[in-house]
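Shown next, in structure tokens, is the structure this report addresses.
Fair warning: this is a prediction, and the values are worked out from it, not measured in the lab. First the proteins, then the strands, lettered A, B, ... as listed; each starts at 1.
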Number of protein chains: 2
Amino acid sequence: MPSRSAVPDGKRPTLSDLAARAGVSVPLASMVMRGAKGPSAASRERVLRAAQEIGYRPDSRARLLRSSRSHLVGVQFDLRQPFHADMVEALYAAAGAAGYQIALSAVTASRSEQEAVEALLADRCEALILLSPHAPAARLAELAAQLPVVSVARRLRPLTDGVDVVRAADDEGARQAVDHLVALGHRDIVHIDGGRAPGAADRRRGYKSAMKHHGLTDRVRLVPGGLTEDHGAAAARTLLTDSSRPTAILAFNDHCAIGVLDTLLRARIPVPDEISVVGFDDSHLARLAHVQLTTVGQEARQLARRAVSRAVARLEGEAADDEREVVVTPHLVIRSTTRAPCRS
Amino acid sequence: MPSRSAVPDGKRPTLSDLAARAGVSVPLASMVMRGAKGPSAASRERVLRAAQEIGYRPDSRARLLRSSRSHLVGVQFDLRQPFHADMVEALYAAAGAAGYQIALSAVTASRSEQEAVEALLADRCEALILLSPHAPAARLAELAAQLPVVSVARRLRPLTDGVDVVRAADDEGARQAVDHLVALGHRDIVHIDGGRAPGAADRRRGYKSAMKHHGLTDRVRLVPGGLTEDHGAAAARTLLTDSSRPTAILAFNDHCAIGVLDTLLRARIPVPDEISVVGFDDSHLARLAHVQLTTVGQEARQLARRAVSRAVARLEGEAADDEREVVVTPHLVIRSTTRAPCRS
DNA sequence: CAACGTTGTTACAACGTTATAAATCAAATG
DNA sequence: CATTTGATTTATAACGTTGTAACAACGTTG
């Protein structure tokens, strides 16, 4: 059996192993490892070489335990939502840039938000970033009493005490989508909504107000939908059995839009020739070569940056209380599922 | 500004705050909190009530630091792969049941496997579970010299020193798919492969050997593909421009199969009437109501359980060295994308 | 009544790191 | 040469928890 490390007893090497090896004191080794100023170039090099040799690796737990600050931000996300995947990716980058680390905790069918958050708290996160949390506002407020909490993509109304909100302007996004469709010549534009999902109400509102703005109040039509492909497919089937088909559909999100596209495809209804379809999120689904979905981009990178900087501001005590809600303007990404309606 | 906790100075309450509140010693409070045997019912209740009152929450970092064992298993996964989402979910459960916790570290476009693993090591994980790792075998061996490493879904040949492998029998899965199609009456069965992706070679082999077994060696046909919808779509387009169309397609995975389905749909080729399609993974994509893809199930739950128990066995020194590679038999899930071929 | 388990509780030291303050030393000053 | 300065380095004490061993308090036993 091969030895598992360069240190005799087989345990993972510690700072004092490192210091011994380099022939310096423990604190000095510590300073070198964390890049503090002080150590001379000579010591620095000696320690770093020794670290190489014995494969030393700082123990972040001990590190965090000692320093009052943990520089750790907990992120609760849903493994199933592609938009969350984009967010997590952007959060890694944003947090890193701000000098913070990220701890992930997933919500799944068998792991509740409660459990996910408990784990993050036990890990001594200094702040929480929750991606579209479903927890009741009261629960969020309770958490916010303990540490900074940022709710991403979930609007809180009225502003919950201590909870920051970072979200896309969902209403504005829906409006842009409608404007685009109207500009193309569409009038019968249907919205498949997201029910009670975070953001759904705003998108609904944006849709309605844009329709109204274009004098299409009497054409407003909402179909109950949801977040998944199945919801979109079901809604589309409903629409097809109808007497008057719309010429354009604004789906709650990309997933839902994909379901719609699939149903239309099966029904031999050409997109965008006969019906235009718009999604929401600009997740990687929308970018797939064979999908090329026109969609409303949520700017994951921006949202992530703002969420992190919000949390950091709170932690470093520079929180301006008038910025409790950060709203990022989405923008329409026009691909190949929208076009002027054909004359009927 | 509301106070952030029940302890005067605003910091998070510690064991000694708790002990003070309950009027007992720190070690006793500790014993109660971790459910050790010893404390009397009376003390137990007193401590627990105090914990409630001041909102005490154990600090897992300190806990892990103190106990030589961390009971923490690091999981490296890819945010983009739905199969990984299923695995992570199953891993949470499997690890929990074994008395271990999980630390997640995602691989993304901008975060390499190297970085992901570094983070896990710094977190003091006792073992690593890597989901379809792409790292070279030498790198894995290097890691395995430091701690138990389990590679899931990525075969290592020859068995790399110290690295355990848990995988589905990819060849057997492909074979089952072919058997199913042949039983339905198909003969022209094409395989869209996964190139150099983990498992791809085995699936290719399984496909070929099954075809041979059914006396269809001359019908063997491989089309280069990949892991994404785009790969599947591209491969399908290639097939359609061909003179002789197959009657069935075995795709590398579900994602790829969805791309195939989409292309067929657009080309107005009815599935399964004219062409049958089989995927691989049984990810939730396959289960969508409008997809209902026949696919080879990878048994995420089993794989997760085996991966965890493998890692745990190593940690607790009960590793039987003859079980370096655990192979789980996949099973075909028949849904609605396969049917007997129509007479041409 | 002394010796003895039991049961419950506690003091103490340790885990691996970092913050603080004190110590060392060479070079530079008066 | 004594003294100050500044740059390095070090000793010491934490951080919040748990393992160990010791300690009471108690009724049991011989």
Compute whether any side-chain donor of one residue and acceptor of the other, for B:Ser40 and B:Arg44, lie under 3.5 angstrom apart. no
Between A:Arg305 and A:Ser309: side-chain donor-acceptor atoms closer than 3.5 Å: no
[atom1] ([X]) with more than 12 external heavy atoms under 6.0 Å:
| X | atom1 | result |
| --- | --- | --- |
| A:Arg111 | CZ | yes |
| B:Glu113 | CD | yes |
| A:Glu115 | CD | yes |

Can a salt bridge be assigned to the pair B:Arg167 and B:Glu325 using a cut-off of 4.0 Å between side-chain N and carboxylate O? yes
Determine, for A:Arg80 against B:Asp86, whether the closest basic-nitrogen to carboxylate-oxygen distance falls under 4.0 angstrom. yes
Can you name the nearest heavy-atom pair linking B:Gly55 to B:Pro13, along with the distance? O-CG, 3.6 Å
I need the [atom1]-[atom2] distance between [X] and [N], as an integer number of Å.
| X | N | atom1 | atom2 | value |
| --- | --- | --- | --- | --- |
| B:Arg124 | C:dT17 | CZ | C1' | 11 Å |
| B:Leu64 | C:dT17 | CG | P | 14 Å |
| B:Leu28 | C:dT7 | CG | P | 16 Å |
| A:Arg57 | C:dG16 | CZ | P | 16 Å |

Using a 3.5 Å distance criterion without hydrogens, assess whether the side chain of [X] forms a donor-acceptor pair with backbone atoms of [Y].
| X | Y | result |
| --- | --- | --- |
| A:Glu126 | A:His71 | yes |
| A:Arg306 | A:Val326 | no |
| B:His84 | B:Asp78 | yes |
| A:Arg124 | B:Ser60 | no |

Nearest of C:dT10, C:dT18, C:dG16 to any side-chain atom of A:Arg63? C:dT18
Contacts of B:Glu118 that satisfy salt bridge (Lys or Arg N to Asp or Glu O under 4.0 Å) - sequence neighbours left out: A:Arg57
Taking the axis from the first five pairs and the axis from the last five, what angle separates them in the helix from C:dC1-D:dG30 to C:dG30-D:dC1, rounded to 10 degrees? 70°
With a 4.0 Å cutoff (strictly under), does any side-chain N or O of B:Ser25 reach OP1 or OP2 of C:dT10? yes
Counterpart residues, side-chain hydrogen bond (donor to acceptor under 3.5 Å, both in side chains), relative to B:Ser16 (two or more places apart): B:Thr14
Quick check on DNA chain C: between A:Ser67 and B:Val26, whose nearest nucleotide comes earlier from the 5' end? B:Val26
Both B:Leu65 and B:Pro27 contact DNA chain C. Which one's nearest nucleotide lies toward the 5' end? B:Pro27
N/O-N/O pairs, protein side and nucleotides 23-25 of chain C side, under 3.5 Å:
none

Expected list for residues 34-45 of chain B near DNA chain C, using heavy atoms below 4.0 Å, is B:Gly38, B:Pro39, B:Ser40, B:Ser43
So, under a plain 3.5 Å distance rule, would you say the side chain of A:Arg66 forms a donor-acceptor pair with the base of C:dT18? yes
Mind checking which nucleotides bracket the chain B contacts on DNA chain D, 5' to 3', with an atom under 4.0 Å from a heavy atom? D:dG16 to D:dG19
